[in-house]
Protein chains: 2
Amino acid sequence: MAPSLDTIFAALSDPTRRAILSMLLEDDMAVTDVAEPFEMSLAAISKHLVILANAGLITQEKRGRVKWCKLEPDALRGASVWMQGFGQFEAVNLDAFERFLAVELSDPRPDREEDQDRDAPPKEEE
Amino acid sequence: MAPSLDTIFAALSDPTRRAILSMLLEDDMAVTDVAEPFEMSLAAISKHLVILANAGLITQEKRGRVKWCKLEPDALRGASVWMQGFGQFEAVNLDAFERFLAVELSDPRPDREEDQDRDAPPKEEE
DNA sequence: AGCATTCTCAACCTTTCGGTTAAGCTTGCC
DNA sequence: GGCAAGCTTAACCGAAAGGTTGAGAATGCT
């Protein structure tokens with residue numbers, strides 16, 4: 001069964017876990033390597049990874065004695081969709097909403113001056 | 001200071017709070033009215049509202065003895081931008097989405113004189 | 001075989017979360 | 001003034017979150 005929004009948002013609410021996701025954006029990693037930059041025990045990181053996996057945000061595959069962690073960005077889609085409409089698409093015209101989405105997603109979108117990446121930024125751009 | 005991603009995602013991780021946000025999408029509401037459909041005490045709902053307000057997701061304004069709760073969709077922008085960094089799904093332009101919602105929801109709504117500052121600049125709190 | 005590496009599990013601890021009830025503070029109305 | 005309506009605060013409670021340490025299970029290396 002697909003992870004609930006509860007699970008996904010809760011997983012995202014911890015800065016360590018968001019940092020882990022950011023790291024995995026660059027490459028798949030072994031558990032030990034994920035844990036290396038953090039000042040906490042390996043067991044703690046292992047628990048965080050379980051939480052991320054339960055939320056569907058990563059998958060883990062064991063090869064030999066190494067367990068590889070892989071980002072699953074699709075898991076964010078449900079949360080993203082909810083946020084975009086606060087879950088109340090039925091309250092509005094769905095056709096119009098879909099047309100709106102089509103336009104939004106197809107455009108290169110010039111009007112993007114976003115601030116705010118005080119936390120671990122998903123992409124480094126310095 | 002702007003609420004952290006920690007605070008925002010944590011606020012979104014509770015189903016009661018997400019339901020409250022959905023209700024507020026339709027209209028501003030008094031605290032008692034927010035609490036009405038839930039099977040928990042008014043005090044519990046009041047706490048949830050504090051959490052949502054701390055996350056910047058709602059604002060509360062007291063007029064007389066009634067405290068009105070108002071959705072602040074802008075607060076989701078930070079979270080949306082962070083999630084957008086993971087690619088795969090394109091984050092939607094929230095401004096445009098709001099404009100879309102405004103058009104879709106505008107007509108059949110009487111007595112909404114408190115709706116004036118939808119486009120007001122973001123206020124600081126704390 | 002023996003040992004190191006990699007990771008999880010179990011037990012434990014402290015803090016936070018989400019709820020309760022009871023009391024109290026404003027505010028509006030008669 | 002007196003009372004009801006509308007919320008918040010305080011004290012409390014059980015459960016869950018997030019960390020620790022220590023032991024243990026696989027696996028790979030020599």
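Here the structure is a predicted model, which means the values were calculated and not measured.
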- Nearest-Å distance for atom pair CD/P, residues A:Glu61 and D:dT27: 14 Å
- Taking all heavy atoms of B:Met83 and all of A:Leu76, pick out the closest pair and write down the distance. CE-O, 3.5 Å
- Query: Are B:Leu24 and B:Phe38 grouped together when hydrophobic residues (ILVMFWY) are joined by side-chain heavy atoms under 4.5 angstrom apart?
  - Reply: yes
- Message: Whole angstroms only, please: what is the CG-P distance between A:Asp6 and C:dG18?
- Response: 10 Å
- Can you check each nucleotide of nucleotides 6-17 of chain C against protein heavy atoms at under 4.0 Å and return B for base, S for sugar-phosphate only, - for none, in 5' to 3' order? SBSB-B------
- Message: A:Leu21 vs B:Trp82, test: side chain to side chain contact (heavy atoms under 4.5 Å, CB included). Steps then yes/no.
- Response: CA-CA 11 Å; A:Leu21 292 179; B:Trp82 187 86; 3.9 Å; yes
- Message: Here's a test of your reading of the structure: between A:Gly64 and A:His48, which maps to the more 5' nucleotide of DNA chain D?
- Response: A:His48
- Can you check whether A:Ser41 has a side-chain N or O nearer than 4.0 Å to OP1 or OP2 of D:dG19? no
Less than 3.5 Å apart, which donor and acceptor atoms pair up between the side chains of residues 40-60 of chain A and the rest of the protein, not counting sequence neighbours?
| from | atom 1 | to | atom 2 | distance (Å) |
| --- | --- | --- | --- | --- |
| A:Ser41 | OG | A:Ala44 | N | 3.1 |
| A:His48 | ND1 | A:Arg17 | NH1 | 3.1 |
| A:Asn54 | ND2 | A:Val50 | O | 3.4 |
| A:Thr59 | OG1 | A:Glu72 | OE2 | 3.0 |

- Query: Can you check the A:Phe38 CZ to D:dG19 C1' distance for me, whole Å?
  - Reply: 14 Å
- Message: What is the distance, to the nearest angstrom, from the CG atom on A:Asn54 to the P atom on D:dA17?
- Response: 11 Å
- Query: From D:dA26, C:dT26, D:dT21, pick the nucleotide closest to the side chain of A:Lys62?
  - Reply: D:dA26
- Query: Shortest non-hydrogen contact from B:Met23 to B:Pro37?
  - Reply: CE-CG, 3.8 Å
- Task: Say whether A:Val31 and A:Val66 are linked into one hydrophobic cluster, either directly or through other cluster members, by side-chain heavy-atom distances under 4.5 angstrom.
- Result: no
